[in-house]
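Working notes, structure below.
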Amino acid sequence: MDYIERAMKIARSSNCQGDTNFFQALKEVLTTIQPVMKKHPEYFEQHILKRLIYPNREIRFKIEWLDDNNEIQVNNGYRIQFNNALGPYKGGVRFHPSVNPDILKFLAFEQIFKNAITGLHIGGAKGGADFDPKGKSDKEIMKFCKAFMTAFYNSIGSDIDILGGDIGVGEREVGYLFGQYKILTNTYDSIITSKPLSLGGSQGRSSATGYGLIYFTQKLLEDQEETLKGKICTISGSGNVAIHAIEKLYEMGAIPVTCSDSRGAIHDSNGIDLALLKKIKLERRASLEYYALEKKSATYVKREHYDDGSNYVWEIPCFAAFPCATQNELGENCAKKLIENDVKLIAEGANMPTTPEAIDLFIEHHIIFAPAKAANAGGVAVSVLEMSQNNSLNYFSAEEVDERLQEIMSNIYIHIKKTCDEYDLGMDLISGANILGFKRVANAMIAQGV
C-alpha cells in the first residue's frame with residue numbers, strides 16, 4: 001500500500017491543498033486498484049501512477065463579455081485535458097458559480113475511467129466557467145457562450161478535444177458554443193456533443209444518462225435474479241438525469257417517489273407525477289415548492305428543515321436509491337437512514353455523489369453499490385454515437401440509439417463483473433470498475449511509450 005501514500009504525496013505537492021474533491025477521487029482509485037498493481041509489476045516499472053495523476057494540460061483563461069446594460073463582466077474559464085491515451089479528450093462543459101480547478105480536476109480524472117470502461121476510444125477531460133446562467137437573459141447567455149468559445153477555441157478540435165453539455169450547459173448553450181466555433185474556424189467539425197437535432201445532435205442524447213443509469217441497474221439486478229418491477233425507489237435531483245431516470249423507472253414498473261432541488265425535496269407516495277415535474281423544471285424552471293402546491297398529496301420539505309443536514313429523500317424507505325444531484329450529497333447520516341430502512345441497492349446518477357464514509361457503510365452492510373463511473377456512463381456513450389453519426393452523416397433513429405445504449409450499459413456491467421470475478425472481488429463494483437478502466441488506460445500508455 002506504500003504506492004498509495006507516495007502517489008498521494010506527489011499529488012498534494014503538485015496541486016493546491018484545497019483540491020479536496022480531486023484528492024478524494026484519486027485516493028478511491030488508488031485504494032481499489034491494489035489487486036491489479038500486485039499482478040502487473042510493469043505498471044510500477046513504467047511509473048504509470050506517477051504519469052497518470054498529472055493532467056496533460058490545465059488551461060485557464062479569462063472571459064470578457066457585455067451584459068444587457070453594456071457593462072463589462074469577467075469570468076474565469078477552465079479546461080482540464082487530463083489523459084488522452086485511449087483517444088481524443090472528451091468531457092462536458094459546466095457553467096456554475098461553484099466551478100473551480102479542484103471540481104473540474106476531479107471530474108476530468110473520473111472521466112478518464114468512465115470513458116475507458118465504455119470500451120470506446122476516448123480520453124478524459126472537463127471544463128467550464130464560474131458563470132451563473134440563472135437570472136440571465138437569453139442574449140446574455142448567448143454573448144457569454146460566444147466569449148467563452150472565442151477565448152479557447154484553438155485548444156480543441158474533432159480529433160483533439162470534444163466538448164459536451166453538463167450543469168448549466170444544455171442544448172441552447174451548446175448551440176451557441178458550436179455556432180461561434182463554426183464562425184471562428186469556418187468548419188462544421190464535431191467539436192461538441194449534446195447538440196440540438198437541427199445542428200446534428202443525436203436522438204436520445206438528452207435522456208441517455210438517466211436511461212443508462214436504469215439500464216445498468218436492471219442488468220445488475222437480473223444477474224441477482226431480482227427486478228425493479230413494483231419496487232419503491234428514491235431519487236435526488238430534478239435535472240436532466242433525475243427526470244429521465246424517473247421516466248425509465250416507470251417504464252420498468254418501479255415506483256419513484258422522491259425528487260429534490262437546491263431548495264427542498266418532494267415525497268409523493270403515489271409516485272412522482274412526471275408530467276408535472278417536467279412542466280415545473282423544464283418549462284417554468286421553477287422550484288419544486290410548486291409541485292406540492294399543485295399535488296396536495298405530496299410532502300415538500302425545505303432544505304433548511306432537513307434532519308442533520310441530510311437530504312430528506314434518503315429518509316424515505318426504499319428498495320433502491322439513486323443519487324442524481326451533485327457530488328458528496330449522500331453522506332454518512334444519509335447512509336445510516338437508508339440502511340435502517342433496509343435499502344438493497346445504491347446506483348449513482350451524479351458524479352461522485354456519495355462520500356467515502358457513506359460508501360464504507362454500504363459495503364460493510366453488504367448493500368450493492370453501483371458507482372457513477374459505470375452507472376452514469378450512458379451520457380458519454382451516446383455522445384460518442386453522436387460523434388460517429390456526425391462523421392459518417394448516417395443518423396440513427398431514437399429506437400436504434402436506445403438499443404445501442406442498452407447494449408453498451410449491459411456490456412459495461414458484464415465486463416466489470418468479469419473483472420470482479422477475475423480478482424475475487426465479489427460484488428465490489430467500485431473496485432471492478434476502477435481496475436477495468438485503469439488497465440485499459442495503463443496498457444494504452446505503455447503501448448505509446450514515454
Side-chain angles (χ1 to χ4, degrees), residues 96 133-135 138 165-173 194 196-197 203-215 217-218 228-306 310-326 329-330 334 347 349-350 353 376 378-379 398 402:
H96 193 273
K134 286 185 179 178
D138 189 74
D166 200 275
I167 295 171
V169 179
E171 284 192 354
R172 174 183 61 174
E173 290 77 14
S194 306
L197 291 176
Q203 296 277 2
R205 173 58 190 91
S206 62
S207 60
T209 307
Y211 281 14
L213 171 65
I214 308 307
Y215 289 146
T217 303
Q218 184 65 14
L228 284 165
K229 189 173 183 179
K231 303 295 197 304
I232 300 293
C233 298
T234 54
I235 300 93
S236 66
S238 54
N240 185 51
V241 179
I243 286 173
H244 288 103
I246 290 170
E247 188 168 68
K248 187 55 64 175
L249 282 168
Y250 274 127
E251 288 184 27
M252 295 287 185
I255 309 167
V257 296
T258 66
C259 58
S260 64
D261 61 16
S262 60
R263 297 181 183 178
I266 285 287
H267 173 221
D268 191 337
S269 59
N270 297 320
I272 292 296
D273 185 330
L274 187 60
L276 177 58
L277 178 62
K278 286 183 175 181
K279 185 184 293 184
I280 290 169
K281 285 298 174 183
L282 302 181
E283 295 177 21
R284 301 181 195 167
R285 299 178 185 267
S287 164
L288 283 176
E289 196 167 2
Y290 290 95
Y291 184 103
L293 292 175
E294 296 195 34
K295 288 277 288 189
K296 301 301 181 184
S297 60
T299 301
Y300 176 73
V301 177
K302 291 184 178 180
R303 186 184 183 89
E304 54 265 32
H305 296 147
Y306 288 173
S310 62
N311 195 325
Y312 171 68
V313 302
W314 311 130
E315 296 181 21
I316 308 303
C318 64
F319 170 81
F322 299 90
C324 297
T326 190
E329 59 165 299
L330 202 167
C334 305
N376 82 356
D402 192 61

Assess the residue pair I214 and F322 against the criterion (side chain to side chain contact (heavy atoms under 4.5 Å, CB included)); give the C-alpha distance rounded to whole Å, side-chain angles, the decisive distance to 0.1 Å, and a yes or no. CA-CA 9 Å; I214 308 307; F322 299 90; 3.8 Å; yes
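- Results of the side chain to side chain contact (heavy atoms under 4.5 Å, CB included) test with C259 over I266, L274, I280 single out I266 as the only residue that passes.
- Listed for the D261 side chain is a donor-acceptor partner under 3.5 Å among the backbone atoms of G264.
- A242 approaches I235 most closely through the heavy-atom pair CB-CG2, 3.8 Å.
- Within the 3.5 Å criterion, the main-chain N or O of S297 finds no donor-acceptor partner in the side chain of D268.
- Here the straight-line distance linking atom CG of N376 with atom SG of C324 works out to 8.5 Å at 0.5 Å rounding.
- Heavy-atom minimum distance, I255 versus G271: CG2-CA, 4.2 Å.
- Residues satisfying the salt bridge (Lys or Arg N to Asp or Glu O under 4.0 Å) test with E304, not counting sequence neighbours, are none.
- Considering CD1 of I167 and NE2 of H96, their distance stands at 6.5 Å, rounded to 0.5 Å.
- With rounding to the nearest 0.5 Å, the separation of OH in Y300 from CG in L293 is 9.5 Å.
- When every heavy atom of G378 is checked against every heavy atom of A208, the shortest pair comes out as O-CB, 3.5 Å.
- A donor-acceptor contact shorter than 3.5 Å links the side chain of Y250 to the backbone of I272.
- We find the CG-CG distance between L288 and L277 to be 6.5 Å, quoted to the nearest 0.5 Å.
- For Y211, the ring-ring contact (aromatic ring centres under 6.0 Å, His included) criterion is met by H244, not counting sequence neighbours.
- Within 6.0 Å of CZ on R285 lie no more than 12 heavy atoms contributed by other residues, nucleotides or ligands.
- Side-chain N/O atoms of E329 and S236 include a donor and acceptor closer than 3.5 Å.
- Using a distance-only test at 3.5 Å, with no hydrogens or angles considered, no donor-acceptor pair links the side chain of K229 to the main chain of M252.
- In terms of the side-chain contact (heavy atoms from CB on, under 4.5 Å) criterion, residue partners of A265 (sequence neighbours excluded) are, by chain and number, S260, Y306, N311, Y312, V313.
- One N or O on the side chain of Y291 and one on the backbone of D273 form a donor-acceptor pair closer than 3.5 Å.
- In terms of heavy-atom proximity, A245 sits nearest to L213 at CB-CD2, 4.1 Å.
- Atom CZ of residue R263 and atom OG of residue S238 lie 11.0 Å apart, to the nearest 0.5 angstrom.
- Taking a cutoff of 4.0 Å between a charged side-chain nitrogen and a carboxylate oxygen, E294 and K279 do not qualify as a salt bridge.
- Of all heavy-atom pairs spanning A286 and K281, the tightest one is O-NZ, 2.9 Å.
- The two atoms that bring A350 and P353 nearest to each other are O-CD, 3.2 Å, heavy atoms only.
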Could you please spell out the steps behind the side chain to side chain contact (heavy atoms under 4.5 Å, CB included) verdict for I232 and C318? CA-CA 5 Å; I232 300 293; C318 64; 4.2 Å; yes
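- Note that CD1 of I243 is 15.0 Å distant from NZ of K248, once rounded to the nearest 0.5 Å.
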Check step by step if side chain to side chain contact (heavy atoms under 4.5 Å, CB included) holds for K278 and E247. CA-CA 10 Å; K278 286 183 175 181; E247 188 168 68; 2.6 Å; yes
